[in-house]
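Keep in mind that what you see is a predicted model, and the values were worked out from it rather than measured. A, B, ... follow the sequence lines: proteins, then strands. Residue 1 opens every chain.
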Amino acid sequence: MRITTWNINSLRARLHRVPDWLDQAAPDVLCLQETKCQDKEFPRELFEARGYQVAIYGQKTYNGVAIASKLPMTDIELGLPLQGDPEARGIAATIGGIKVVNLYVVNGKAVGDAKYAYKLRWLDALCDRTDAWRAAGGPLLLCGDFNIAPTDEDTWDADLWFGKVLCSPPERARFQRLLDSGLVDAFRKKHPDAWGRYAHTWWDYRGGGFQRGFGMRIDHFLVTADLLDRSRAVVIDREARKGEKPSDHAPVTLFLDEDPPAAS
DNA sequence: ATGGCCATCATGGATGGA
């Protein structure tokens with residue numbers, strides 16, 4: 001079973017890339033962030049024609065999350081983790097016995113900005129919800145665009161990013177609190193020696209960031225120990241960041257009970 | 001270099017992203 005997380009940076013602006021990518025990567029579960037479309041405009045047929053069912057939680061212009069799954073989805077939850085959140089940033093479903101939580105964490109703009117306070121409040125709610133999910137027991141998987149680089153080494157330039165949004169201690173403390181709840185950063189655990197550009201998941205469009213290796217590792221899988229035991233690899237699809245009008249994030253795939261294709 | 005790019009809504013330029 002393979003599960004992919006991908007900040008698509010507008011689904012409709014990525015329609016020229018998604019069909020081929022889906023056919024080639026063929027994940028069982030695809031968690032999308034920043035779909036940027038209302039539910040009535042979601043291209044369901046694209047997924048349904050390939051054997052997926054979809055659970056969507058969108059809004060106009062901004063944010064928006066969706067799960068496409070070849071396996072049945074039950075217990076679909078929309079609008080988590082923050083009660084009354086006007087922004088569409090969280091969706092969850094139980095798939096193959098796993099509680100899959102797909103998140104688009106608040107960016108925060110800059111330390112001290114009102115959006116940064118919203119980010120911390122949002123993360124606090126996520127930590128609380130995670131504690132409740134953990135207490136309920138069972139396999140739990142959080143994935144998505146966390147907008148947090150967990151360590152200085154998850155940036156291309158630690159000095160440049162020191163203390164800034166995505167890297168600030170309060171954000172990292174909340175990421176640590178998720179780990180303290182019994183979740184594991186699957187990429188870091190499975191690939192402890194992978195650092196630098198081949199461990200990054202996002203690159204700025206500006207200044208040829210991708211070509212120069214100026215990226216960050218901000219898209220994550222946080223999983224319970226039982227799922228880590230089943231994890232063979234976490235693969236960042238850098239090819240999808242190349243070519244015509246890519247998203248600025250690469251898709252990241254967790255391979256459960258299944259070896260990834262050999263690198264070509 | 002107070003930047004560079006991209007998507008949205010809208011049709012110019014502001015806003016958000018990270």
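- Minimum heavy-atom separation, A:Met73 to A:Gln53: CE-O, 3.4 Å.
- Backbone-only engagement by A:His249 is indicated by non-hydrogen atom pairs under 4.0 Å involving sugar-phosphate atoms exclusively.
- Across all strands shown, A:Asp145 has heavy atoms under 4.0 Å from sugar-phosphate atoms exclusively, and none from any base.
- Between A:Phe210 and A:His200, the gap from one ring centroid to the other reaches at least 6.0 Å.
- Residues A:Met216 and A:Arg212 each lie close to DNA chain B; by heavy-atom proximity, the contact nearer the 5' end of the strand is made by A:Arg212.
- Spacing of P atoms, B:dG13 relative to B:dA1, comes out at 27 Å, to the nearest Å.
- Of the P atoms belonging to B:dA18 and B:dT8, the separation is 14 Å, rounded to the nearest Å.
- Taking atom C1' on both B:dA10 and B:dT15, the two are 13 Å apart, rounded to the nearest angstrom.
- Here A:Lys164 lies out of heavy-atom contact (under 4.0 Å) with every strand.
- Among the atoms of the strands shown, only primed sugar atoms or phosphate atoms (P, OP1, OP2) are found under 4.0 Å from some heavy atom of A:Asn147.
- Between A:Tyr205 and the phosphate of B:dG3, there is no side-chain N or O to OP1/OP2 separation shorter than 4.0 Å.
- Spacing between atom CD of A:Glu41 and atom P of B:dA7 amounts to 17 Å, rounded to whole angstrom units.
- Between A:Ser10 and B:dT8 there is a side-chain polar atom (N or O) within less than 4.0 angstrom of OP1 or OP2.
- A:Arg14 forms no cation-pi arrangement with A:Trp21, by the criterion of a distance under 6.0 Å to the ring centre and an angle within 45° of the ring axis.
- Of the nucleotides present, none pairs with B:dT2 by Watson-Crick or G-U wobble criteria with both distances under 3.5 Å.
- Atom CG in A:Leu11 sits 5.0 Å away from atom CZ in A:Phe47 (nearest 0.5 Å).
- Nucleic acid contact for A:Asn7: sugar-phosphate only, since backbone atoms but no base atoms lie under 4.0 Å from a heavy atom of the residue.
- Ring centers of A:Trp156 and A:Trp203: at least 6.0 Å apart, outside the cut-off.
- Within 4.0 Å of A:Phe214, counting heavy atoms only, lies no atom of the nucleic acid at all.
- We find that OH of A:Tyr62 is positioned 15 Å from C1' of B:dA18, with the value rounded to whole Å.
- A:Arg89 comes within 4.0 angstrom of the backbone, heavy atoms only, and of no base.
- Under the Watson-Crick or G-U wobble criterion, with both distances below 3.5 Å, B:dG13 is paired with B:dC9.
- When each of A:Asp145, A:Asn147, A:Asn7, A:Asn102 is paired with A:Gln33, the side chain to side chain donor-acceptor pair (under 3.5 Å) condition holds for A:Asn102 and for no other.
- With the nearest nucleotide of DNA chain B identified for both A:Arg206 and A:Glu87, A:Arg206 has the one nearer the 5' end.
- An OP1 or OP2 oxygen of B:dC6 is reached within less than 4.0 angstrom by no side-chain nitrogen or oxygen of A:Asn9.
- Contact between the side-chain N/O atoms of A:Lys115 and the OP1/OP2 oxygens of B:dT15 is not found at any separation under 4.0 Å.
- When the side-chain nitrogen and oxygen atoms of A:Arg14 are compared with OP1 and OP2 of B:dC6, none of them lie within a distance under 4.0 Å.
- Nucleotides B:dG17 and B:dG12 are separated by 26 Å at their P atoms, to the nearest Å.
- For the pair A:Lys36 NZ and B:dA7 P, the computed distance is 8 Å after rounding to whole Å.
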